Protein chains: 2
Amino acid sequence: MASISPALPEPIEQSDATRARLIEAAGQVFGEYGFQSATVRDICTRAGANVAAVNYYFRDKAGLYLAVLRDSMSAGGQPEPRDAALRAETPEEGLRLMTAAMLRRMHNSRTGRACHLRIMVHEMAQPTEALPRVVEEIIGPNYAAMRELLSRLLGRPADDDLTRMCAHSVIGQVVHYAHAGPVIGLLWPDLKMTPERLDAIASHISEFSLHAIKHFKEATSHE
Amino acid sequence: MASISPALPEPIEQSDATRARLIEAAGQVFGEYGFQSATVRDICTRAGANVAAVNYYFRDKAGLYLAVLRDSMSAGGQPEPRDAALRAETPEEGLRLMTAAMLRRMHNSRTGRACHLRIMVHEMAQPTEALPRVVEEIIGPNYAAMRELLSRLLGRPADDDLTRMCAHSVIGQVVHYAHAGPVIGLLWPDLKMTPERLDAIASHISEFSLHAIKHFKEATSHE
DNA sequence: GACAGTTTCAAACAAATGTTTTAATCTGTT
DNA sequence: AACAGATTAAAACATTTGTTTGAAACTGTC
């Protein structure tokens with residue numbers, strides 16, 4: 001079985017058409033099937049390339065997977081959710097903006113990022129050797145930014161256990177809609193992830209969380 | 001590629017030793033690798049059985065998968081989280097008990113249920129044809145019970161959008177610790193899921209949620 | 001046009017995978 | 001002990017899968 005090499009390849013600046021098509025197609029297939037069950041032949045069929053092209057451009061299947069992740073991590077255009085926090089004048093506003101950005105990011109299929117979310121869902125179910133790097137480069141900084149916001153809201157250090165648990169409470173609400181997508185579809189058939197509904201959910205999560213956090217802040221003040 | 005037949009097999013009352021060992025081993029392997037990537041040979045090696053035994057007892061790999069799910073769903077011993085709600089004298093208490101039961105269930109490895117949680121994580125990433133049945137028999141009733149509790153707390157119908165979003169906010173916090181286990185381990189290295197820590201997290205989720213819900217209830221009263 | 005390097009391709013390769021087949025062995029009943 | 005049905009096992013089978021190989025085709029430079 002294919003395994004992941006330990007190092008992410010250096011980004012290559014050239015723009016080969018076949019290479020790009022392979023990365024695009026692989027993003028979709030890895031998003032649908034996860035690394036293990038995705039097949040090189042399916043990817044190449046979608047990319048309109050020969051199966052040997054994967055080895056030519058990426059050395060092996062694992063190299064292609066890492067290239068997809070690398071591409072995903074370095075993609076411009078859409079800012080990171082943590083950037084939203086920087087634009088806010090208050091931590092409450094920061095939390096609202098960040099929550100909305102996270103949720104939108106997870107459901108935004110127009111920029112093709114939805115398939116990368118599905119790759120992450122598969123990565124949770126079946127971690128590859130690339131996970132620590134993804135955590136370090138994407139998940140970790142957003143998590144830290146969330147904890148920083150909560151630290152200011154709670155009046156506690158960012159690595160305090162309560163701050164961390166609150167961070168996971170907020171993040172858990174957001175990622176739940178993405179991770180449990182197939183189940184939620186069955187539990188709540190009327191739910192359509194329109195932009196309006198996304199905004200409503202983001203708003204709900206923010207309010208839910210801010211009021212809970214307000215309570216913890218007040219409880220701390222009374223200690 | 002193997003695919004899932006549409007119907008769950010009827011539970012068989014006989015207790016064949018080989019059959020039982022296969023179900024046990026398959027639960028582990030499907031939990032580690034998901035349906036697609038789990039191999040019949042790995043399962044049979046762990047069960048101390050010949051590869052043809054899968055076809056003999058379960059017709060095919062998919063039949064074994066369904067038998068594992070069926071076994072999981074009919075397993076006695078541990079009550080459903082929704083049963084906890086029935087023991088409560090107030091809906092607040094019900095929410096606390098149910099939240100704790102859900103969290104414990106997802107992390108309780110002594111009864112072997114942790115592997116079934118991992119099967120569910122894989123099922124989220126890569127739904128099989130068995131998912132609707134699992135939702136109908138396990139996830140759905142617990143979801144309905146949660147919504148019933150929240151309905152009473154919020155003073156709104158159980159299928160109201162706000163009630164549903166609150167239900168997902170609570171459930172999202174709980175399942176997040178299980179689904180994102182590998183990532184959380186990297187983000188929060190000091191976190192050890194001891195029974196004490198589980199109780200602390202359950203308590204946190206309950207309080208976080210109850211205070212948020214209290215706000216929504218009060219906001220409704222002022223309308 | 002010649003040449004070198006790059007890209008693409010089809011076939012071959014080796015291994016893995018779920019399933020089928022056949023026969024030996026086991027078990028329970030008479 | 002004979003018999004029938006159940007269980008187990010190894011080999012075979014057919015297909016799938018990622019990778020390798022060697023050559024054809026392409027591209028850019030002189």
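Note that the structure is predicted; figures quoted are calculated from it, not measured. Reminder, nothing fancy here: chain letters follow the sequence lines and each chain counts from 1. We use all heavy atoms of the structure for the numbers below, so side chains are in, but hydrogens, waters and symmetry mates are not.
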Partners meeting salt bridge (charged side-chain N to carboxylate O under 4.0 Å, His left out) with B:Asp159 (sequence neighbours left out): none
For atom CZ of B:Phe58 and atom P of C:dT19, their distance in whole Å: 13 Å
Any A:Thr18 side-chain N or O less than 4.0 Å from OP1/OP2 of C:dT8: yes
Does a side-chain N or O of B:Asn50 approach OP1 or OP2 of D:dT7 to a distance below 4.0 Å, or not? no
Between A:Asn55 (CG) and C:dC13 (C1'), how many Å, whole number? 13 Å
Would you tell me if any nitrogen or oxygen in the side chain of A:Tyr57 comes within less than 4.0 Å of OP1 or OP2 on C:dT8? yes
To the nearest Å, give me how far apart CG (A:Asp42) and C1' (D:dT16) are. 13 Å
Just to verify, what does A:Arg41 make a salt bridge (charged side-chain N to carboxylate O under 4.0 Å, His left out) with, not counting sequence neighbours? none
Separation of C:dA15 atom C1' from A:Lys61 atom NZ, nearest Å, is 14 Å
Test of understanding: with side-chain contact (heavy atoms from CB on, under 4.5 Å), list the residues that count as partners of A:Pro141, not counting sequence neighbours. A:Arg82
Of the options C:dG18, C:dT7, C:dA12, whose atoms approach the side-chain atoms of A:Tyr56 most closely? C:dT7
Could you state the atom-to-atom distance from CG of B:Asp60 to P of C:dT17 in whole Å? 17 Å
In whole angstroms, how far is the P atom of D:dA9 from the CG atom of B:Leu22? 11 Å
Let me know the distance between CD of B:Gln36 and C1' of C:dA16, rounded to the nearest Å. 14 Å
Under-3.5 Å N/O pairs linking protein and nucleotides 22-27 of chain D:
none

Using only heavy-atom distances, determine whether the side chains of B:Arg164 and B:Tyr143 contain a donor-acceptor pair under 3.5 Å. yes
A:Gly48 or A:Arg41: which one's nearest nucleotide on DNA chain C is closer to the 5' end? A:Gly48
Side-chain donor-acceptor pairs under 3.5 Å in residues 170-186 of chain B, sequence neighbours left out?
{"unit_1": "B:Gln173", "atom_1": "OE1", "unit_2": "A:Ser169", "atom_2": "OG", "d": "2.7"}
{"unit_1": "B:Gln173", "atom_1": "NE2", "unit_2": "B:Ser169", "atom_2": "O", "d": "3.2"}
{"unit_1": "B:Gln173", "atom_1": "NE2", "unit_2": "B:Ser209", "atom_2": "OG", "d": "3.1"}
{"unit_1": "B:His176", "atom_1": "NE2", "unit_2": "A:His168", "atom_2": "ND1", "d": "3.1"}

Looking at residues at least two apart in the chain, or sitting in another chain, which of them share a salt bridge (charged side-chain N to carboxylate O under 4.0 Å, His left out) with A:Asp199? A:Arg104
Scanning both residues in full, the closest heavy-atom pair of A:Cys166 with A:Ile213 reads SG-CG1, 4.5 Å
